[in-house]
Amino acid sequence: MGHIPPSHPRAASLRVREALVAGAGSGLVVREGLIAHGRGEALDYILGERTGRRARSAISAAAATLLLAERPVVSVNGNVAALCAREAVLVARALGAPLEANTFHGDSGRRRRIAARLESHGARGVLGASRAHRARLRGLDSERGAVDSRGIAAADAVLVALEDGDRAEALSRAGARVVAIDLNPLSRTARAADVTIVDNVVRAMGLLASRCAALRASPRGRLARIARAHDNAAALAGHAGEMRARLGRIAALGR
Ligand code: PTJ
């Protein structure tokens with residue numbers, strides 16, 4: 001691994017890349033995950049690489065939605081495991097929810113590596129890695145459709161991050177609430193989810209963990225009001241407008 005000087009103006013972004021490349025080297029991240037991250041970086045750049053007001057509001061709605069669920073599950077793929085395993089474990093802990101390794105590419109070997117990574121950050125009993133409890137998510141033919149009968153198959157709310165769109169749609173059809181973290185406000189996942197956090201998972205997962213912990217003791221009525229106040233379609237339109245405005249300012253003023 002190359003040395004990244006702390007003085008480098010893009011040091012934080014380069015360190016994230018390095019974590020993904022290391023994840024690819026250890027069989028946690030697939031090569032397609034590196035491509036997906038490049039797309040995310042471009043969108044994050046346009047958003048100003050910060051968690052804005054809209055994303056913070058979506059994080060509150062996401063926390064409320066997950067806390068209101070009876071059987072929430074935190075789904076973890078290769079990129080999430082490499083970038084924010086610790087924070088995903090904290091989200092699951094704050095919710096009292098299981099973590100489930102779930103991947104688009106690869107086999108149960110990779111799911112076991114994801115589970116091991118989560119366990120190295122204190123998770124216990126990560127689902128999705130054993131064939132003994134395999135179930136299928138109806139209407140999803142990809143590997144993502146292979147879910148755990150004790151986890152996603154029975155969940156009434158699922159947190160997904162960096163996804164291909166089919167699963168959010170399949171989960172919605174199955175009656176689960178879907179909370180997504182996706183930098184692309186135009187993606188099918190973003191549009192199919194009940195709450196989409198348009199933010200970099202590297203920033204958003206930790207903020208979501210803190211928000212879940214802060215709201216955990218709130219009365220259900222308050223949580224329901226926070227969840228109901230979120231209009232996902234309007235929030236996504238707002239993000240697209242924000243991107244257009246930022247590009248417009250740069251085009252007009254050069255900054
Ligand atoms: O580990 P696996 O096998 O489950 O595979 C994971 C990938 C990411 C390869 C798979 O889910 C995939 O192909 O995803 P897509 O269809 O490329 O979609 C990924 C979405 O995440 C895109 O909309 C990206 O803009 C977005 N994205 C990329 N990096 C980030 C991100 N969103 C939040 N934070 C990021 N760091």
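Start at 1 and go down the list; that is how both ligands and their atoms are numbered.
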Of all the non-hydrogen atoms in the protein, which one sits nearest to [atom], and at what distance?
atom	value
atom 6 (C) of ligand 1	Asn77 ND2, 3.7 Å
atom 32 (N) of ligand 1	Leu183 N, 3.1 Å
atom 18 (O) of ligand 1	Glu163 O, 3.2 Å
atom 13 (O) of ligand 1	His105 NE2, 4.4 Å
atom 17 (O) of ligand 1	Arg39 NH2, 3.3 Å
atom 16 (O) of ligand 1	Asp164 CA, 3.6 Å
atom 11 (O) of ligand 1	Arg144 NH2, 2.8 Å
atom 35 (C) of ligand 1	Asn200 OD1, 3.5 Å

Side-chain ([X]) to main-chain ([Y]) donor-acceptor, under 3.5 angstrom:
X	Y	answer
Asn79	Leu20	no
Ser13	Arg10	no
Asn77	Leu162	yes
Arg113	Gly27	yes
Glu163	Thr189	no
Arg216	Leu95	no

For [X], take its heavy atoms, then give the atoms of ligand 1 lying under 4.0 Å from any of them.
X	value
Glu32	9 (C)
Gly33	9 (C)
Val201	33 (C), 34 (N), 35 (C), 36 (N)
Ala36	8 (C), 17 (O), 28 (C), 29 (N)
Asp199	33 (C), 34 (N)
Thr103	3 (O), 4 (O)
Leu43	25 (O)

Q) Should the pair Asp199-Arg56 be classified as a salt bridge under the 4.0 Å nitrogen-to-oxygen rule? A) no
Q.
Any carboxylate oxygen within less than 4.0 angstrom of a Lys/Arg side-chain nitrogen, looking at Arg111 and Glu143?
A. yes
So, is [X] polar-close to ligand 1, with some N/O to N/O distance under 3.5 Å?
X	result
Asp182	yes
Asn79	no
Gly78	yes
Leu162	yes
Val30	no
Phe104	yes

Q. Would you say Val73 and Pro98 make side-chain contact, with heavy atoms under 4.5 Å?
A. yes
Q) Which of these, Ser142, Ser75, Ser172, sits in a side-chain hydrogen bond (donor to acceptor under 3.5 Å, both in side chains) with Arg167? A) Ser75
Q: Kindly compute the distance separating CD1 (Ile59) from CD1 (Ile197), expressed to the nearest 0.5 Å.
A: 5.0 Å
Q) Rounded to the nearest 0.5 Å, how far apart are CD1 of Ile226 and CZ of Arg222? A) 4.5 Å
Q: Determine whether any heavy atom of Val16 lies closer than 4.0 Å to an atom of ligand 1.
A: no
Q) At a non-hydrogen distance cut-off of under 4.0 Å, which region of Glu143 contacts ligand 1 (side chain, backbone, both, or neither)? A) neither
Q | Arg110 and ligand 1 - part of the residue with a heavy-atom distance under 4.0 Å | A | side chain
Q: Could you tell me whether the side chains of Arg177 and Thr65 share a donor-acceptor contact shorter than 3.5 Å?
A: no
Q.
So, applying salt bridge (Lys or Arg N to Asp or Glu O under 4.0 Å) with Glu169, which one of Arg138, Arg144, Arg188 is it?
A. Arg188
